[in-house]
Amino acid sequence: MKKIIAMCILINSFSFSSETVYVVNTKKYHFNKSCRTLKKAKNIKEISIKNTGNRTPCKVCS
């Protein structure tokens, strides 16, 4: 039973972490804040993946 509970907690932590993406004033969103295409960005914002709008995923970090 303890293994099942631990597994559920682990699965939930992964699902919440994948809900967050990083954006700048571009048409792309990034899954990884340390993506090389964000290296020179100054205003990186963390948003929910549900709020990405018409942005498409970055090809480098996705």
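These numbers were taken from a predicted model, which means no experiment stands behind them. These values consider heavy atoms only, across backbone and side chains, with no hydrogens, waters or symmetry-generated copies.
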Undergrad: Quick one: list whatever passes ring-ring contact (aromatic ring centres under 6.0 Å, His included) with Tyr22, sequence neighbours left out.
TA: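 For Tyr22, no residue satisfies ring-ring contact (aromatic ring centres under 6.0 Å, His included) once neighbours in sequence are set aside.
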Undergrad: Show me the donor-acceptor pairs within less than 3.5 Å that the side chains of residues 40-62 make with the rest of the protein, sequence neighbours left out.
TA:
{"residue": "Ser48", "atom": "OG", "partner": "Lys50", "partner atom": "N", "Å": "3.2"}
{"residue": "Thr52", "atom": "OG1", "partner": "Ile49", "partner atom": "O", "Å": "3.1"}
{"residue": "Arg55", "atom": "NE", "partner": "Thr26", "partner atom": "O", "Å": "3.3"}
{"residue": "Thr56", "atom": "OG1", "partner": "Lys28", "partner atom": "NZ", "Å": "3.1"}
{"residue": "Ser62", "atom": "OG", "partner": "Cys58", "partner atom": "O", "Å": "2.5"}

Undergrad: With a 4.5 Å cut-off on side-chain heavy-atom distances among I, L, V, M, F, W and Y, is there a chain of contacts connecting Phe31 to Val23?
TA: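 Cluster IDs for Phe31 and Val23 match.
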